[in-house]
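The analysis underlying the following values was restricted to heavy atoms, covering all of them including side chains, and did not include hydrogens, waters or symmetry mates. A quick note: this is a predicted structure, and the numbers were derived from the prediction, not measured.
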Amino acid sequence: MSKILNTFLSALALFFLCFAWIYYCLKDDILAFALSAIVALCSSYLIWKSLSRIDAGKKTKQAEKNALSGLVNFLRFGADNAAIFEEMLRYYRFEVERQSYDSLIVTKNGQKSYVAINFSHDSLNKDELRDAVISAKRADCTRLYIFTAKADSSLVAIANGQIHTVIIDTQNTYALFEQCDKLPSISPKKAPKKATFIARYAFNRRRFGWYFASSLFMLLISVISYFPWYSLGWATVFFALAVYSLVNKRFNVAPTCVSLD
């Protein structure tokens, strides 16, 4: 309902703005009305489609974030991650030998590789990398696979200087599980977006009404003002701010169970 109302109000305001601009320029009320109606109808369709696309994109993006975050938390607190990865690696035709709850030795085409599963931290650190490299060398492996949340590119270079290393982050880990239909059952966790306080306040959807009312007020002032262009210009600015605060997705934070506002 709010999307319908916001679309209608935006189109109505745009109609009056266009009518005022065209009338001031051409001094023809019939032409101004016709052109403004066309612009308002076209704009209402575009605004509706934009709002629908933004809402769908938000839901899809949020679902992806929740899925990745849920997988990281699941593996971070998992008691036996090796068992989960064992099934997935066998799908990709690896021969698997368990080493510990967080490590495996796999063989494919005669090549022996060490698999380290490390989601303890948000990003792989040097100590964890060193332990994985040493474990791979002690097991006489020629390749090292590290499944981790994230890794700095400099660490990849360091590891490759010791043993051929493939570091697989959360997104690619999720894709591998999803492709072979071995994704563990996980509970999604919502990740809040970040935005500066002032920008969130100024361009939040709740500011739409203020900008819209200001635009209408300046539009009415332009009718009786000695400086109509000045008032009409500010009306246009406020209308632009109203539309931006309504449709932008950067400063409109997705709803959460807990609010600190």
Side-chain angles (χ1 to χ4, degrees), residues 1-67 188 190-261:
M1 183 61 183
S2 61
K3 185 165 67 173
I4 297 174
L5 181 60
N6 290 333
T7 302
F8 172 75
L9 292 175
S10 299
L12 185 64
L14 190 58
F15 170 81
F16 285 115
L17 282 170
C18 290
F19 182 85
W21 278 107
I22 296 171
Y23 180 77
Y24 280 131
C25 292
L26 303 179
K27 302 299 182 182
D28 188 334
D29 53 354
I30 297 178
L31 182 61
F33 180 87
L35 293 177
S36 299
I38 293 173
V39 172
L41 288 173
C42 293
S43 65
S44 63
Y45 174 77
L46 293 175
I47 291 173
W48 176 267
K49 294 295 289 184
S50 297
L51 289 174
S52 301
R53 190 179 298 111
I54 288 172
D55 289 341
K58 279 184 178 180
K59 291 179 181 178
T60 301
K61 192 172 182 180
Q62 190 63 39
E64 291 175 354
K65 286 184 177 181
N66 290 342
K190 293 183 178 179
K193 298 178 182 179
K194 296 181 180 179
T196 61
F197 176 79
I198 296 176
R200 275 185 56 187
Y201 182 84
F203 301 118
N204 191 271
R205 189 173 287 117
R206 287 175 289 182
R207 307 283 85 76
F208 170 79
W210 293 98
Y211 292 133
F212 186 80
S214 299
S215 177
L216 290 180
F217 177 76
M218 295 305 297
L219 183 62
L220 293 174
I221 290 296
S222 69
V223 177
I224 60 175
S225 174
Y226 287 105
F227 305 97
W229 298 105
Y230 177 82
S231 302
L232 198 55
W234 275 110
T236 305
V237 170
F238 281 125
F239 178 75
L241 289 173
V243 173
Y244 180 74
S245 65
L246 179 65
V247 303
N248 85 86
K249 56 184 179 180
R250 180 179 180 185
F251 302 114
N252 284 303
V253 182
T256 57
C257 298
V258 179
S259 176
L260 298 179
D261 290 339

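Take Phe19 and apply the ring-ring contact (aromatic ring centres under 6.0 Å, His included) test, not counting sequence neighbours, and it matches no residue. A search for side chain to side chain contact (heavy atoms under 4.5 Å, CB included) contacts involving Leu220 returns nothing, not counting sequence neighbours. Taking the ring-ring contact (aromatic ring centres under 6.0 Å, His included) definition, one finds that Phe238 meets it with Trp234, sequence neighbours left out. Here Phe217 pairs with nothing under the ring-ring contact (aromatic ring centres under 6.0 Å, His included) rule; sequence neighbours left out. Legend: residues meeting side chain to side chain contact (heavy atoms under 4.5 Å, CB included) with Leu219, ordered by chain and number and at least two apart, are Phe16, Leu17, Ala20, Ser222, Leu232, Ala235.
We find the CZ-CG distance between Phe15 and Leu41 to be 9.5 Å, quoted to the nearest 0.5 Å. Residue Phe33 holds its CZ atom at 12.5 Å from SG of Cys18, rounded to the nearest 0.5 Å.
Residue pairs that meet the side-chain hydrogen bond (donor to acceptor under 3.5 Å, both in side chains) test with at least one member in residues 235-245, sequence neighbours left out, are Trp21-Thr236.
Listed here is the closest heavy atom pair of Ala242 and Phe208: O-CD1, 3.1 Å.
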